[in-house]
Each structure stands twice: as structure tokens, then as C-alpha cells.
Amino acid sequence: MAKVKPRVKVPKKASVNEVVTIKTLISHPMESGQRKDKKTGETIPRKIINKFAASFNGEPVFMADIEPSVSANPYIEFQMRIPESGAVRFEWTDDDGSVYDMEKKITVA
Amino acid sequence: MTVTRREALGLAVGGAAALTTLRFTAPAFAAGNAVEDAIVEFTGGAKPGSGDITIGAPEIAENGNTVPIEVSAPGAASIMLLAAGNPSPGVATFHFSALSGAQEAKTRIRLAKTQDIVAIAKMPDGSAIMTKRSVKVTIGGCGG
């Protein structure tokens, strides 16, 4: 399977209480469980990212429960208010239980 | 018994009409139920009214595999997106918190065919609002 690679775009600096746009993308096939193998005719088992969560210094910011209707390489964009300097943590949970994570620091000037 | 020409024609037309209605209503009805079930589960029984909720989507999506969608409902606690014409209607549910800058999110979704996208927002007071938007799909995106 292709390597799962998360990517996020977060501004490095922000002013106090500024609302910033955060863009995230993770390379993942998002196998819907609906497709069939063309050779064997068997259904390819479902394997998707089913949960995405973003937190800031341990406080939840944004969460998404994801279902098979989300495209491959799920892209999620949301808005976040920055109260202070800190780190934004992103976590993607796979159907097989593995968690892919990433952390980005934001400095409040 | 003799069947006149008029009767025979009437029967044929009636039969065909009945068949077509059956064919078209059966799957639509099933999908409608799944959507309604999902809405009831999400809102906890509160009947969604209309309100300040918008879906941003292209009018025509050439490729159903990735259709950019944005949804916004100021003040909502969470928003659920449904694609009524997909094999399973659930798309995603977004949950917001005090640190959310705005109650909106963008993502890319799969659409099997031309259909309605439904968004339901749950407000902090337990009420719910919903909206619909239809998207035309040229090539479906759910494999086959």
C-alpha cells in the first residue's frame, strides 16, 4: 500500500485571537468497501480514515467523523482562532486502528 | 371475452406506467429512509427547520470522485453532510469547539450520480437546521 503521508498548512505566526485557515491533506486510498476486484470479482474490504481531530495545546479545536463518501486523499479545511502561542496537533485514525499524527507550532507575535 | 382495441391500449399504457413508477420509487424510497434515519440519529429526534446554513458546491461536477464541498452554519455545534444518492448516504460530520474560528469546513467528496447534498447543523440549544443543494455529476465516483 502506498505510504500514508499527512500534510498540513498552518501559518507560522499569528496575532492574538486571529482566525486562521488550516488546510490538511493525507494521502490515503479511502477504499470505500463498494468496489470489486476486477479479476476475482470479490469486494475490496473497506479501509478509510474514519476520524480526524485537531487540538491546540491539548484543547479540542475541530473534529470530523468521516465516512466512505469522502474522496481518496481526504482534504479538510477549517478555521481556527489562535488564543496564544502553542502547537496544533492533528490526528487521523485509520479503520485498522493506526493513528497518523502531525504537530505544527504557531507563534503569536 | 373480447378485448377492444381501446381497452388493450389502455391496459398497455397503464401497465407500463405502473412499472416505471415502481422502478423509480423503490430505490429512491430506500435511500430516503437511510437519509431520514441518519438525520434522526444525528439530531436526536429534533425536526430540522430552515436557517442560516449554506452548502457551497459546483453546480456540475465532471468527476464524481472528487467534488469540492464547503459547508457553513454560523453558531452550530456540529454539521452533518449527507449525499442522498450514494450507496451509503453518510459523508462526514464536523464538530466545532470554542477554538473554532468559524463554523465552516471544506472537503472533497465522492458522488455516485447526480443527486442532492443535504447538510444538517445541530445548534448548541439542541435545535437543528438543514439545507439541500443538488449537484449534477457527469462521471460517478463510487467504483463499479
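Throughout, protein chains are lettered first and strands after them, A, B, ... in sequence-line order, and every chain is numbered starting at 1.
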Sort A:Leu25 into side chain, backbone, both or neither according to what part of it lies under 4.5 angstrom from a heavy atom of chain B. side chain
At a 4.5 Å cut-off on heavy atoms, which part of A:Ala72 comes close to chain B: side chain, backbone, both, or neither? both
Closest non-hydrogen contact found for A:Ser71 with B:Asn65 is OG-O, 2.6 Å
Minimum-distance pair of heavy atoms, taken over all atoms of A:Ser69 and B:Ser88: OG-O, 3.4 Å
Let's go through A:Arg81 and B:Leu99 carefully: what are the C-alpha distance in whole Å and the side-chain angles of both, what is the deciding distance for side-chain contact (heavy atoms from CB on, under 4.5 Å) to 0.1 Å, and is it a yes or a no? CA-CA 5 Å; A:Arg81 190 170 57 81; B:Leu99 281 176; 4.0 Å; yes
Same cluster for [X] and [Y] if Ile/Leu/Val/Met/Phe/Trp/Tyr side chains link at under 4.5 Å?
| X | Y | value |
| --- | --- | --- |
| B:Val40 | B:Ile53 | no |
| A:Met63 | A:Val10 | no |
| A:Tyr75 | A:Val70 | no |

Can a donor-acceptor pair be found, under 3.5 Å and without considering hydrogens, that links the side chain of B:Ser100 to the backbone of A:Met80? no
Counting only N and O atoms by type, is there a donor-acceptor contact under 3.5 Å from the side chain of B:Ser97 to the main-chain atoms of A:Phe62? no
Could you tell me the separation between the CD atom of A:Glu77 and the CD atom of B:Glu104, rounded to the nearest 0.5 Å? 8.0 Å
Roughly how far apart are A:Glu67 CD and B:Leu81 CG, rounded to 0.5 Å? 10.5 Å
Determine the option with the most heavy-atom pairs under 4.5 angstrom with chain B, choosing from A:Val61, A:Val19, A:Ile76. A:Val61
So A:Asp65 and B:His95, side-chain contact (heavy atoms from CB on, under 4.5 Å) or not? Walk me through it. CA-CA 8 Å; A:Asp65 304 321; B:His95 305 278; 2.8 Å; yes
Whether over 12 other heavy atoms sit under 6.0 Å from [X] [atom1]:
| X | atom1 | result |
| --- | --- | --- |
| B:Glu41 | CD | no |
| A:Glu103 | CD | yes |
| A:Arg7 | CZ | no |

Step by step, work out the side-chain contact (heavy atoms from CB on, under 4.5 Å) result for A:Ser32 and B:Arg110. CA-CA 10 Å; A:Ser32 67; B:Arg110 290 180 175 133; 3.7 Å; yes
Best-contacting candidate, B:Ala83, B:Pro68, B:Ala105, B:Ser78, against chain A by heavy atom pairs under 4.5 angstrom: B:Ala105
